[in-house]
Amino acid sequence: MDPVTIDTTKIKTVKKKPVTALEKLEDTGLISTVLAAREREGLILFSTVDQIFNWARLSSLWPVTSGLACCAIEMMAVAMAHHDIARFGMEIFRASPRQADLMFVAGTVTKRMAPRVKQLYEMMPEPKWVIAVGSCASTGGPYHESYAVLKGVDLIIPVDVYIPGCPPRPEAWLYGVIQLREKIKNEGYGAKWGLNK
Amino acid sequence: METDELLINMGPVHPSTHGVLRFKLRMDGEIIKECTPVLGYLHRGTEKLGEMKTYLQFIPYTDRLDYVSAFPNNYVFVKAVEELAGIEVPLRAEYIRVITMELNRIVNHLVSIGSLLMDLGAATMIMWGFRERENALQLFEKLCGARMTFNYIKPGGVREDIPEGFIPQLNEFLKDMEKRIEDYEQLINSNEIFLMRMKNIGVISAQEAVNYGMTGPTLRGSGVDYDLRRYEPYSIYPDLDFKVCSRPEGDSYARYIVRIDEMKESLHILRQVVDTMPEGKIVSNPKYGIAPMTGTPSAVSTYFPRIFTPPAGEVYSRIEAPKGELGFYVVSDGTTKPYRVKIRSPSFCNLTAIPKMVVGLKIPDLIAAFGTIDVVLGDVDR
Amino acid sequence: MNPAEELKQKLPAAVVSTGMQLNKPMAVIKKEELLNAAKKVKEMGFDHLSVITGTDYNDHFEVVYNFFSYEKKQNLVLKVITDHDNPEVDSLTSLWKGADWLERETYDLVGIKFTGHPNLIRILLPDGWVGHPLRKDYDMNTEQFVTMGEGGEDVVSTDGGNLLRRK
Amino acid sequence: MIANAYELIVYILTLLGVYEPVLNIFQLLGIEYVLKIIIVLVEIGILFVFVLLTVMFLTWMERKVVAMVQARYGPMVTGPRGLLQPVMDGIKLIGKEDIVPAKADRWVFTLAPFIVFIPALLVFIPLPFGQSLIISDLRVGLLYIIAISAVSPIAILLAGWASNNKYSLMGAMRAVAQDISYTIPLALAAIAVVMFTGSLSTVDIVNAQNGTWFGVIPRWFIFLQPLGFILFLIASIAEMGRIPFDFQESESELVAGFFTEYSGMKFAMFFLAEYAHLFSVSGIIVMLFLGGWALPILPFVPAALVQLVSLGVFLVKTYAVIFFAMWLRDTVPRVRIDQLLNIGWKIMIPLALLNLLVTGFLITAGVF
């Protein structure tokens, strides 16, 4: 049987003021059945599963507790009262990488620390994301010329979002997190199986 | 029954090693037989970079040593350079520097006590501490535009004058902070479990503390009544009235109490400084790299960068940073770059005593003792 | 009285010269006599060893010890000059336990050997790191990487092994 | 009089006029027992769903309460006031990779979460949620509860051992030592209550607390057994493994304790079991000392609503206890493991025995 396809040209979306709870939910942009179906032109069934899983994943990103340097203090500041990353459901900092979804590479990755960071990343279960925070983790930053510093953590592990700054302000940090949420929203569970590309 | 020793590797990624320190522990059940700290996971080669950068370029790197209290780091390097080059500093600039450093001391102790309590399992204190820290950071931001890494103190003065509205906000902070410290004491000091965990843990006697080269609150917690602000005065500290807080017990609890008392003293100092703040220049001579921040931002760029060369010579300059004695040993060969920069960091020297302090204790005690030593890994590994 | 002069009076054989390190009294000590001089310094009440610094001057090394007396509130600086080929000075760990890590650090970064040190291994850089970074002739162009061995120990290599995602 | 939830369901079905015809059909076929089994299954299903929803709500509540104490907001983006947060956490954990460490004992490693999870649900069987809302009024209900809760240390030990991780093993050893030393004062404090009722049945215990003294003071055992209540409360917080006694995890010392190596759904099961435990133990505290569903106003409630009101009373009391546990968690640091065992063996057990002695003496003397 052919998969159900949707003729995208015939879909018209009229932006109207959200009234019901479901409409409000769609209006937040977190879950949007119509748009996603149009984008993928693929299996509705899988795209719905995708959305539920993606929504779940972006809503409960549990970071692993691994501060490396200066940025780690700002990581604490992000988690604390003033900026409160818990609003996004991210306050559960797991000490064990086995239970984490997200790694903040918060600070300078030195040569000696690099294999440990890599191992930590490998210990995390799929699906997992990495945010490189600060100029040190992104490129080596002010320590680019140093003999003991790795010039960017993306040399050893894949990075999803880079947050510039030395160290980035908590607001920048939260913006980075929101960018990652956007990114996860457009990932596909079915895409992984090669179904809805 | 046959028993065996257990080798445990704590870190470099562990929730309570405050970063990337690693302990190799030889355990007999729950009791620590031997503790070997392994350092270097945050070694960034700052001293080598010091030889590769000019004097002014190196100041931002000092911010990133002890990133919880960056102003004293800034200050001590600049102080070394000023001593080397014989630069005068205007009085108002010294007052501003003292404001920043004492505020930074409060911030540092808030973070230190907060993370100690978090390691002991009570997460509330760190939240409260960071709430007040945020207020102090807003003051810093107002002053120099940065929250943690300032690059504010420059040879010959400070980078910018105090902005409008800073002093009222500071006064508000001081008033607020007084109440908050009472709150903390109410939350923590009389908590039976806290006392159980802290008293008689990680005891180190005065002689041993001196022999290990411990300084700062950790030394004063062992009953050595010593503070560089008092006994080798620098800046405007001789004119200020403050007492040196110390406790004779030498255990974790004493070190914690010393920190709380020091916060109160810092508030006292700040109040005096605000009251007697003089008017005047903030820079003795702009040729040392400070742009007078009166004009537009483009005015800044016309003044930067200044290159200046102190005469050849060597100097060891030290101050009482929040964590202890922070010293910079600077050798100049008369060129634009330092010939050698050596950083004597308080965290590194205080950490030396940890293996001695924790033998015979348990892992939870190691965390309590280590928390009161107040170590920042950027400062240890440099 | 200037403590450097006092030291010279007490140990004339050890002190090469006295002077000032900017504002702190300084005594240059013969390399062989360092331990004796340090003992004497400790007797004189200088109980706080503040810092040990090693500096590479291309043809020789200088090791500088900054002392402080909590009792007298005095500073004293000792300086030892060693040759460049085989820099070796006596360890002060027997007198100040705090010297332990400071000497290990100086050994690690500058490459000065401290004879009599109980555990003279690298402290900040991993074992197997080639060269001492704070020497002026350290090769900054060769990049060294650290990987983890079987038992979690550090292995230093120049190509990075399986660490890097792409060469 | 309706004795338990089974009869309640039958009663409701009878009121709806469904029960009789259905029963007749089954009787014709000669398989009445099938209907019984179906009703029991429905009953269990309702309980299961109820517990799962409660557990989810509790995780949300915990995060909100912690946030309140710490001057934060807590989850608020996902769903209204962040209420969907636990659902999302659950879905996410289902979709995570399930890692079994290479050197772990695969079978035991997989089995342990189930052994933790199932007893956490089984405890609810003799717990009276309302006047008739009880799955089964076992005559040895209290003994059953204590016996079932004693299973979880075994599972924790299995989990810690199978993970082949030093932190896990240490966490497991601590958890077991703690459980053993706190189950004893727990049981002793409960026995003092049983001495009043003379019955281990949970329904009898609650019924004994139904009523008032002088028409004002409710006849709750907390007023007769203040010391017993405090001992039971402390011991049960230790049983739940929460701060100040959270040695199975003790994050800052042992990373994540015995479930350091668990990921995905297996970890979720530990998580669920922990909160189910929190709910059940709080319920037991309410049942033993705070009068269960009993409240002096209950006789004045119309008969049709009495089940609902009694359920409401029980839940309100239970949530009060839960709130206390959460509040405690934010206020106090963790005690050290040897201090914990000292408190257990040297203070709590002697006090519990003393409590028994005094209670026995007073009952014999006829004071109560």
Side-chain angles (χ1 to χ4, degrees), chain A residues 64 66-70 72 95-98 102-105 107-124 126-133 135-162 183, chain C residues 52-58 61 87 101-112 119-167:
Chain A
V64 59
S66 76
L68 296 178
C70 326
S96 164
R98 298 271 191 230
L102 168 65
M103 180 155 79
F104 285 122
V105 184
T108 321
V109 185
T110 59
K111 294 272 174 62
R112 202 172 178 188
M113 196 64 202
R116 270 96 188 167
V117 172
K118 194 178 169 93
Q119 195 193 29
L120 200 65
Y121 175 76
E122 278 162 0
M123 276 169 85
M124 283 161 60
E126 290 280 355
K128 51 193 170 185
W129 297 275
V130 176
I131 297 187
V133 182
S135 43
C136 292
S138 304
T139 65
Y143 296 95
H144 191 266
E145 293 166 16
S146 170
Y147 54 88
V149 173
L150 199 72
K151 287 146 194 67
V153 74
D154 48 6
L155 289 175
I156 52 170
I157 55 175
V159 177
D160 293 278
V161 175
Y162 299 85
K183 183 173 175 174
Chain C
I52 299 174
T53 316
T55 313
D56 180 7
Y57 282 98
N58 290 327
F61 285 99
W101 284 14
L102 288 168
E103 285 176 357
R104 273 176 71 187
E105 191 202 337
T106 312
Y107 165 73
D108 186 357
L109 298 181
V110 191
I112 292 163
N119 183 26
L120 194 66
I121 51 172
R122 284 182 181 272
I123 184 165
L124 294 177
L125 292 169
D127 296 331
W129 192 273
V130 180
H132 301 281
L134 286 179
R135 287 194 179 185
K136 294 290 172 189
D137 57 0
Y138 178 73
D139 180 12
M140 291 289 280
N141 297 323
T142 318
E143 214 170 347
Q144 300 181 48
F145 291 99
V146 183
T147 48
M148 253 200 298
E150 279 291 304
E153 77 282 0
D154 298 308
V155 181
V156 179
S157 65
T158 45
D159 62 343
N162 59 357
L163 181 70
L164 301 179
R165 286 167 69 208
R166 48 185 180 273
K167 294 275 151 56

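Because the structure is a prediction, the values reported are computed rather than measured. A, B, ... follow the sequence lines: proteins, then strands. Residue 1 opens every chain.
- Remark: C/Asn141 engages C/Asp139 in a side chain to side chain contact (heavy atoms under 4.5 Å, CB included) (not counting sequence neighbours).
- In this structure, the salt bridge (Lys or Arg N to Asp or Glu O under 4.0 Å) partners of C/Glu143, at least two apart in sequence or on a different chain, are A/Lys111, A/Lys151.
- Of all heavy-atom pairs spanning A/Ile156 and C/Leu163, the tightest one is CG2-O, 3.3 Å.
- Of the two parts of A/Leu150, only the side chain, counted from C-beta on, holds a non-hydrogen atom closer than 4.5 Å to a non-hydrogen atom of chain C.
- By a heavy-atom distance cut of under 4.5 Å, A/Ala114, A/Pro115, A/Arg116, A/Lys118, A/Gln119 are the residues of residues 114-123 of chain A near chain C, going up by number.
- Contact of C/Met148 with chain A is made through backbone and side chain together, with heavy-atom distances under 4.5 Å.
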Next item on the list: Report the C-alpha separation of C/Met140 and A/Tyr147 in whole Å, then their side-chain angles, then the decisive distance to 0.1 Å, and conclude whether the side-chain contact (heavy atoms from CB on, under 4.5 Å) test is met.
Entry: CA-CA 7 Å; C/Met140 291 289 280; A/Tyr147 54 88; 4.3 Å; yes
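- Contacts with chain A (heavy atom to heavy atom, under 4.5 Å) involve these residues of residues 119-127 of chain C, listed by number: C/Ile123, C/Leu124, C/Leu125, C/Pro126.
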